[in-house]
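One structure below.
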Amino acid sequence: MTTDPTRDGTPVPLLQVDDLAIEFATPDGVVRAVDGLSYSVSAGRTLAIVGESGSGKSVSSLAVMGLLQQPPARIVRGSIRFGGTELLSLGQKAHRAVCGENIAMVFQDALAALNPVHTVGWQLTEALRARHGMSRRDATARAVELLDLVKVPNAKQRVKEYPHQFSGGMRQRVMIAMALSMDPEVLIADEPTTALDVTVQAQIMRLLSEIQAERQMGLILITHDMGVVANVADDVTVMYAGRAVEQASVFDIYAAPAHPYTRALLGSIPRLDQKGGGLAVIPGRPPDPTQVPAGCAFHPRCAFAEDVCRADPPPPTVSLPFDRTSACHFAEEVMNHDEH
Amino acid sequence: MTSTDVVLEVRDLAKFYPVRRGIVLKRHVGEVKAVDGVSLSLRRGKTLGLVGESGSGKSTLAKVLVGIEKPTRGQILVDGEDVSNLGRAERRELRRHIQMVFQDPYTSLNPRMSVGEIVGEAYAIHPDAVPAGGKAKAVRELLDRVGLNPDHIHRYPHQFSGGQRQRIGIARALAVRPKILLCDEPVSALDVSIQGQVINLLEELQDDLGLSYLFIAHDLSIVRHIADEVAVMYLGRLVESGTDAEVYEVPSHPYTRALMSAVPVPDPSLRDQRREIVLEGDMPSPVDPPQGCHFHTRCWLAPLMESRVDPAGSQSRSIPTICRTESPKLGALESPDHLAACHFADDVSAH
């Protein structure tokens, strides 16, 4: 399937998530991990999903991939569409088959995601052999091509090696190569550089951007690093306690955040080019998912909170100019708020 | 800098680990030079940021400083007194002065001990450190000091969040009233919104208690924020050191430059203006480090220098002979405290 994003001027979304809600049954009761999440990603575009641990950013992408263990998880409502196909009505097996051909995922911990007892070449081509019945010789040749593609030096030799013989950065390249083996149209990268050193992180992000531009893939980058987001994303979705609290283009969101959480997050990161006094801090901590505060989930930590925030949940999407949304009672005030 | 200003001084410190082969004979076949000739000084009440990637030797250096590992060579001076070759009892006494805050607050606290036991454990080892008023009172005060509720003294680590656990780790380190805290990546395991809280707590404690910090981190932005002086390590050696402003504004080693440029700046409008130096490859193995300058195999500057040193030489990306054969010494730049170990240090900022 090919999509031409610019034929009629507006990009056709490849992957579209609408009003997704996911619950988990836990000993402490039912936890709503994702609540009303919507986003879309088009060919050649990068969507960054930003959030802290427990915000629901990883759970939602596991749902997209059909990798959620159900139960304990349960998809309460919503839709996940790829091309024209509704994935959630397919049943898990068919869902995974669609993903296998079209959507691939790169996980954070490359060492844990690779099988230590098989060679890297064997793992790289597992999908090709299983799905396309490729012969071993063809598969090995393809594995070498894939490693070349992700710039692993000396690929011919290295397909015969095992994961422990690779450095952290090289392992992450193998993961990316594996994800690319089926020529996906959408790539989901879950914290792909978190465990890596700064200089290696830069190498991997550059590699991802190059491959994306070349193949016009849609890229979903799940991260907590606002620096990485600023460098690569086109659109940003900020998640807090299972909800998308703000969605906007990368330039708008950094220039004038319209949700207090985004604003606080941007204010609390130390910068290389600035030496400041005390670091701005978000008081408290992300809520325990079994005890999400009433009203707006962010209100106990919010500098803008008023009575209405404690009483009523904010509208899920307050529409703002430039196609952006914020889930805040005071979205417009926050956006126009000037600290200086 | 007068000597009384310096609370901790490290001179030519090295830690080598033997590489052995065979089961019975365990032949000595080489060594990993984890730390190889590092000299540093930490000033009283100040923070020295130690920056480097994995494999640079920064954590080994910390282990040697707190006495977990014995140095292969070199001296460690605490308040001017050489403490590198002490006996058991004296080393124990030394540990009162240097305490450590660990990276991972999930694995560095014993899950079977209550918070009171964890924080108070140090008093069992250092009975003379128990303040007047007794152990229980001291522990409660410490918890209060780091922003935890003293009534939670009987709770267990799993009942706390990551940020709170790191506060417990800090309280434990403070129990014996040390002069120096070694903080090994103290916030890298925490959520972004929590990191600032812990950094601010560390800064407050420093102001109130006059503590000196050796702050080890790979996050250059956080080091920029907290450190007064910065030292950069690569493959067991120091490649650059100086005040925070000197190192960050005039980075004078090609590795430091590359490291800084690799840090993403959280501002999309600067996306196209920044020139990023992306280093090729990984850090070489410390078992078999490159000859000459350890960095020459990944250096972006060396090939540019070759044409100048040897104009008749080929136009290919070759490396100047001096980089391949001679290990550069840490030399002073414009200011006597700003040091860089590069044969072409003066040219780094020009490129």
Side-chain angles (χ1 to χ4, degrees), chain A residues 50-55 151 153 166-170 195-203 205-207 224-234 236 249-255 261 264-286 288 301, chain B residues 51-56 160-164 187-201 203-204 218-227 244-245 248-249 255 258-272 274 276-285 298:
Chain A
V50 182
E52 297 179 273
S53 42
S55 62
K151 304 196 175 110
F166 285 68
S167 68
M170 285 298 155
L196 304 176
D197 280 320
V198 200
T199 56
V200 182
Q201 169 177 309
Q203 293 172 2
M205 286 319 299
R206 172 172 288 193
L207 175 72
H224 66 272
D225 188 330
M226 294 301 269
V228 171
V229 173
N231 276 313
V232 301
D234 299 305
V236 183
S249 86
V250 69
F251 295 102
D252 290 339
I253 217 165
Y254 281 76
Y261 176 62
L265 209 53
L266 286 171
S268 68
I269 29 180
R271 288 180 57 152
L272 199 59
D273 51 357
Q274 281 170 11
K275 177 94 180 164
L279 216 48
V281 150
I282 310 179
R285 59 193 158 103
D288 180 337
R301 309 176 74 190
Chain B
V51 175
E53 297 181 282
S54 40
S56 64
F160 295 90
S161 68
Q164 290 174 318
V187 297
S188 63
L190 305 177
D191 266 326
V192 192
S193 74
I194 305 300
Q195 290 187 352
Q197 297 175 2
V198 172
I199 294 288
N200 284 358
L201 171 67
E203 291 194 312
E204 249 175 69
H218 71 279
D219 184 328
L220 290 142
S221 314
I222 285 179
V223 171
R224 164 107 232 217
H225 181 84
I226 196 168
D244 143 76
Y248 279 86
E249 277 154 36
Y255 176 63
L259 210 53
M260 306 260 169
S261 86
V263 177
V265 171
D267 186 347
S269 61
L270 299 176
R271 215 184 254 191
D272 303 321
R274 297 179 63 236
E276 220 175 82
I277 306 166
V278 174
L279 294 180
E280 300 298 323
D282 295 317
M283 197 184 286
S285 158
R298 298 173 77 200

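Every heavy atom of this structure was used, including side-chain atoms; hydrogens, water molecules and symmetry mates were not. In what follows, every chain begins at residue 1, and chains take the letters A, B, ... in the order their sequences are listed. Predicted, not measured: the structure shown is a model, and the values here were computed from it.
Residues A:Val281 and B:Gly196 share a closest heavy-atom pair of CG2-C, 3.4 Å. Residues A:Pro286 and B:Ile194 come closest through the heavy atom pair CD-CD1, 4.2 Å. Minimum interatomic distance between B:Gln197 and A:Gly284 (heavy atoms only, all atoms of both residues): NE2-O, 2.8 Å.
Looking only at heavy-atom pairs under 4.5 Å with chain B, the residue among A:Glu52, A:Met226, A:Gln201 that has the most is A:Glu52. For the set A:Arg301, A:Met205, A:Gln203, the count of heavy-atom pairs under 4.5 angstrom toward chain B peaks at A:Gln203. Between chain B and the residues A:Leu265, A:Ile282, A:Asp288, the most heavy-atom pairs under 4.5 angstrom are made by A:Ile282.
Under a 3.5 Å cut-off, the side chain of A:Asn231 and the backbone N or O of B:Pro268 do not form any donor-acceptor pair. Between the B:Glu53 side chain and the A:Thr199 main chain, a donor and an acceptor come within less than 3.5 Å of each other.
Heavy atoms closer than 4.5 Å to chain A are found nowhere in B:Gln195, neither backbone nor side chain. Contacts between B:Ile199 and chain A at a heavy-atom distance below 4.5 Å involve the side chain alone, from C-beta outward. The contact between A:Pro283 and chain B is made entirely by backbone atoms, counting heavy-atom distances below 4.5 Å. Of the two parts of A:Arg285, the backbone and the side chain both hold a non-hydrogen atom closer than 4.5 Å to a non-hydrogen atom of chain B. Residue contact with chain A, scored on non-hydrogen atoms closer than 4.5 Å, involves the backbone and the side chain of B:Met260 alike.
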### Task
Begin from the C-alpha positions of B:Arg271 and A:Val250 and carry the test side chain to side chain contact (heavy atoms under 4.5 Å, CB included) through to its verdict.
CA-CA 11 Å; B:Arg271 215 184 254 191; A:Val250 69; 3.5 Å; yes
### Task
Starting from the C-alpha separation in whole Å, work towards a yes-or-no answer on side chain to side chain contact (heavy atoms under 4.5 Å, CB included) for B:Asp191 and A:His224.
CA-CA 8 Å; B:Asp191 266 326; A:His224 66 272; 5.7 Å; no
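When side chains are defined from C-beta on, A:Tyr254 counts as touching B:Pro266, because their heavy atoms get closer than 4.5 Å.
Each of B:Ile222, B:Leu220, B:Asp219, B:Ile226 was compared with A:Pro270 under the side-chain contact (heavy atoms from CB on, under 4.5 Å) criterion, and only B:Ile222 meets it.
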